[in-house]
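The structure appears below as structure tokens.
Below, all heavy atoms of this structure are taken into account, side chains as well, without hydrogens, waters or symmetry copies. Source: prediction; values computed, not measured. FYI, the numbering just counts along the sequence from 1.
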Amino acid sequence: MTYKHKLLCLPVLAALFLGACNRPTHVITPCEGVACTMIFASVSVYVADNSGQPVLLDEAYSVKQSTGEVIRGGNHPGDGIYTILDDGYQKRIATIGVDLRFIGKKNGTVVVDEPYRVIADCCHVSKASGKDTLVVQ
């Protein structure tokens with residue numbers, strides 16, 4: 001290779017190296033750039049007795065079936081509505097979902113043990129499966 005050919009190769013090599021440096025290093029995630037509403041969503045269940053009256057549970061929580069992790073939500077004792085999962089957990093399950101068991105205890109005894117599938121899009125959680133009302137005998 002002559003000196004003249006070497007000089008012609010330099011701009012080509014420089015362009016290749018500079019082009020490689022301009023590649024984006026940021027990986028775009030499926031939720032990047034999605035505009036979400038400011039609401040704070042939750043998945044909840046109404047726990048009632050045989051006559052439809054709200055049941056006051058002593059303890060209520062969800063258990064992630066794959067790991068056994070206990071998740072405590074913002075329950076509303078007195079009105080019978082209990083949180084299974086809320087948007088505080090959304091980022092951990094976005095686009096994959098989670099299988100849970102909702103556990104309710106009264107007087108130290110489990111009176112509610114119900115499976116739920118909760119999914120999340122890029123913004124909020126929602127129920128994929130599970131009952132809206134649980135009746136405690």
Side-chain angles (χ1 to χ4, degrees):
M1 192 180 273
T2 67
Y3 180 74
K4 187 179 190 182
H5 288 108
K6 288 180 185 176
L7 285 177
L8 289 174
C9 289
L10 280 177
V12 173
L13 288 174
L16 287 174
F17 284 120
L18 290 174
C21 292
N22 290 334
R23 289 189 185 153
T25 57
H26 179 73
V27 177
I28 297 173
T29 63
C31 293
E32 189 170 321
V34 173
C36 297
T37 62
M38 296 302 294
I39 65 166
F40 190 77
S42 64
V43 175
S44 17
V45 62
Y46 180 66
V47 180
D49 61 19
N50 288 327
S51 64
Q53 295 301 308
V55 170
L56 178 61
L57 298 171
D58 299 330
E59 191 176 5
Y61 54 90
S62 296
V63 177
K64 188 175 177 183
Q65 290 188 11
S66 63
T67 65
E69 174 188 358
V70 173
I71 304 164
R72 298 189 185 275
N75 297 315
H76 308 283
D79 61 6
I81 299 172
Y82 296 89
T83 302
I84 297 167
L85 197 69
D86 63 32
D87 273 350
Y89 211 84
Q90 177 272 333
K91 288 188 188 304
R92 291 183 255 180
I93 65 168
T95 70
I96 58 171
V98 65
D99 293 308
L100 303 166
R101 292 202 76 78
F102 176 72
I103 308 295
K105 293 183 178 181
K106 191 158 183 67
N107 299 322
T109 302
V110 173
V111 294
V112 173
D113 183 350
E114 193 68 32
Y116 285 86
R117 171 93 178 140
V118 178
I119 57 175
D121 58 16
C122 296
C123 301
H124 303 291
V125 297
S126 61
K127 182 178 72 169
S129 66
K131 296 178 181 176
D132 293 327
T133 301
L134 301 175
V135 177
V136 175
Q137 302 299 326

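- Contact between Y82 and A60 at its shortest, heavy atoms only, is CD2-CB, 3.7 Å.
- Judged purely by distance below 3.5 Å, without hydrogens or angles, the side chains of D49 and S51 pair a donor atom with an acceptor atom.
- One hydrophobic cluster, built from ILVMFWY side chains closer than 4.5 Å, holds both L134 and V136.
- Placement of L56 and I84 within a single hydrophobic cluster is found when ILVMFWY residues are connected by side-chain heavy-atom separations under 4.5 Å, directly or transitively.
- A distance of 10.0 Å separates CD1 in I93 from CG in D99, rounded to the nearest 0.5 Å.
- Of the possible polar contacts, none joining the Q65 side chain to the Y116 backbone as a donor-acceptor pair under 3.5 Å is found.
- When side chains are defined from C-beta on, C123 does not count as touching T37, because their heavy atoms never get closer than 4.5 Å.
- Screening residues 84-95 for salt bridge (Lys or Arg N to Asp or Glu O under 4.0 Å) gives E69-R92 as the qualifying pairs, with residues at least two apart or on separate chains.
- Of all the heavy atoms in G88 and F40, the pair that sits closest is N-CZ, 3.4 Å.
- In this structure, T83 OG1 and R72 CZ are separated by 13.0 Å, a value rounded to the nearest 0.5 Å.
- Cysteines C122 and C36 are not disulfide-linked, with SG atoms at least 2.5 angstrom from each other.
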CA sep, side-chain torsions, deciding dist, call: D113, R101, side-chain contact (heavy atoms from CB on, under 4.5 Å): CA-CA 6 Å; D113 183 350; R101 292 202 76 78; 2.6 Å; yes

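- Note that the NZ atom of K105 and the CG atom of L57 stand 11.5 Å from one another [nearest 0.5 Å].
- Residues R117 and I96 approach most closely at NH2-O, 2.8 Å, considering heavy atoms.
- Considering all non-hydrogen atoms of both residues, V125 and S42 come closest at CG2-CA, 4.1 Å.
- V110 is connected to V70 through a chain of hydrophobic side-chain contacts under 4.5 Å among Ile, Leu, Val, Met, Phe, Trp and Tyr, so both are in one cluster.
- Remark: K106 NZ to D58 CG distance equals 5.5 Å, nearest 0.5 Å.
- Of all heavy-atom pairs spanning C31 and T95, the tightest one is SG-CG2, 4.4 Å.
- By the side chain to side chain donor-acceptor pair (under 3.5 Å) test, K127 is found to be paired with D132, residues two or more places apart in sequence or in another chain being considered.
- Cluster membership check: Y89 does not share its hydrophobic cluster with I119, using side-chain heavy-atom separations under 4.5 Å among Ile, Leu, Val, Met, Phe, Trp and Tyr.
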